Peer 1: 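Dropping the structure in here first, questions after.
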Amino acid sequence: QVRLVESGGGLVQPGGSLRLSCVAFGSGNMIYTMRWYRQAPGKQREFVAHANQSGSTNLADSVKGRFTISRDDAADTVYLQMNDLKSEDAAVYYCNADAVIDGAIQTYWGQGTQVTVSS
């Protein structure tokens, strides 16, 4: 069983920065891929970024050049550094991870952390 806990959300002005963290509890299980998604009010949840076990990363086009995903496997943590935040970045950000549980890959979600972008 894996539990994901996000933190780091808050209120920031346009052009500002935030750093989100997600800690995975249950590190006895192999975590292969960690991802960030976001969901704004009235919209579908959308992919933001992911980082696989080897360190390879991918970002949604809407955040390329502004966001960076990284992971610290020793700390069982994935980060999302968000720079030059825009109004359209405001959303609840969710951590997601794929882990091996009893020989099968299972997907887990955190509870989310709110990011508000406002002047």
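Please read all numbers here as calculations on a predicted model, not as lab measurements. Counting begins at 1 with the first residue of the sequence.
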Peer 1: If you define the side chain from C-beta out and look only at heavy atoms, does anything of Gln53 sit under 4.5 Å from Met34?
Peer 2: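 Not in contact.
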Peer 1: Quick one: which residue pairs count as a disulfide (SG to SG under 2.5 Å) with a foot in residues 30-62, not counting sequence neighbours?
Peer 2: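 Matches after skipping sequence neighbours: none remain.
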Peer 1: Among pairs that include at least one residue of residues 30-67, which meet disulfide (SG to SG under 2.5 Å), considering only residues two or more places apart or in two chains?
Peer 2: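 Not a single pair qualifies under disulfide (SG to SG under 2.5 Å).
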Peer 1: What are the two closest non-hydrogen atoms of Arg71 and Ile31, and how far apart are they?
Peer 2: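 Shortest heavy-atom contact: NH2-O, 3.2 Å.
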Peer 1: Does Gly55 offer a backbone N or O that forms a donor-acceptor pair with the side chain of Asn52 under 3.5 Å?
Peer 2: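 Yes, the answer is positive, given that a donor and an acceptor are paired below the 3.5 Å cut-off.
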Peer 1: When you measure from the side chain of Thr77 to the backbone of Ala75, do you find a donor-acceptor pair of N or O atoms at a distance under 3.5 Å?
Peer 2: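 Flag set: sc Thr77 to bb Ala75 pair under 3.5 Å.
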Peer 1: Table please: side-chain donor-acceptor pairs of residues 103-119 below 3.5 Å, with sequence neighbours left out.
Peer 2:
residue : atom : partner : partner atom : Å
Thr107  : OG1  : Asp98   : OD1          : 2.8
Thr113  : OG1  : Gly9    : N            : 3.1
Gln114  : NE2  : Ala91   : O            : 3.4

Peer 1: Sequence neighbours left out, what pairs pass ring pair (Phe, Tyr, Trp, His ring centres under 6.0 Å) with at least one residue falling in residues 51-83?
Peer 2: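 Qualifying pairs: none.
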Peer 1: Kindly give the heavy-atom pair with the smallest separation between Val78 and Cys95, and that separation in Å.
Peer 2: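 Closest pair (atom of Val78, atom of Cys95, distance): CG1-SG, 3.8 Å.
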Peer 1: Same cluster or not: are Met82 and Leu59 linked, directly or through other Ile, Leu, Val, Met, Phe, Trp or Tyr residues, by side-chain heavy atoms under 4.5 angstrom apart?
Peer 2: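 Yes: a chain of side-chain contacts under 4.5 Å links Met82 to Leu59.
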Peer 1: For residues 11-25, run the donor-acceptor check on the side chains, cut-off 3.5 Å, and write out each pair with its distance to 0.1 Å, sequence neighbours left out.
Peer 2:
residue : atom : partner : partner atom : Å
Ser17   : OG   : Asn83   : OD1          : 2.9

Peer 1: Distance check, rounded to the nearest 0.5 Å: Thr33 atom OG1 versus Asn58 atom CG?
Peer 2: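 Answer rounded to 0.5 Å: 11.0 Å.
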Peer 1: CD of Gln1 to CG of Asp102: how many Å apart, nearest 0.5 Å?
Peer 2: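 Separation between the atoms: 10.5 Å.
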Peer 1: Does the side chain to side chain contact (heavy atoms under 4.5 Å, CB included) test come out yes or no for Val92 and Tyr94, once each step is laid out?
Peer 2: CA-CA 6 Å; Val92 177; Tyr94 296 91; 3.4 Å; yes
Peer 1: Test Trp36 against Ile69 for side chain to side chain contact (heavy atoms under 4.5 Å, CB included), laying out the working first.
Peer 2: CA-CA 8 Å; Trp36 288 97; Ile69 186 171; 3.7 Å; yes
Peer 1: For a quick test of your reading: what N or O donor-acceptor pairs under 3.5 Å do the side chains of residues 38-51 make, sequence neighbours left out?
Peer 2:
residue : atom : partner : partner atom : Å
Arg38   : NE   : Glu46   : OE2          : 2.7
Arg38   : NH1  : Asp89   : OD1          : 2.9
Arg38   : NH1  : Tyr93   : OH           : 2.9
Arg38   : NH2  : Glu46   : OE2          : 3.3
Gln39   : OE1  : Arg45   : NE           : 3.4
Gln39   : OE1  : Arg45   : NH2          : 3.4
Gln39   : NE2  : Lys43   : O            : 3.0

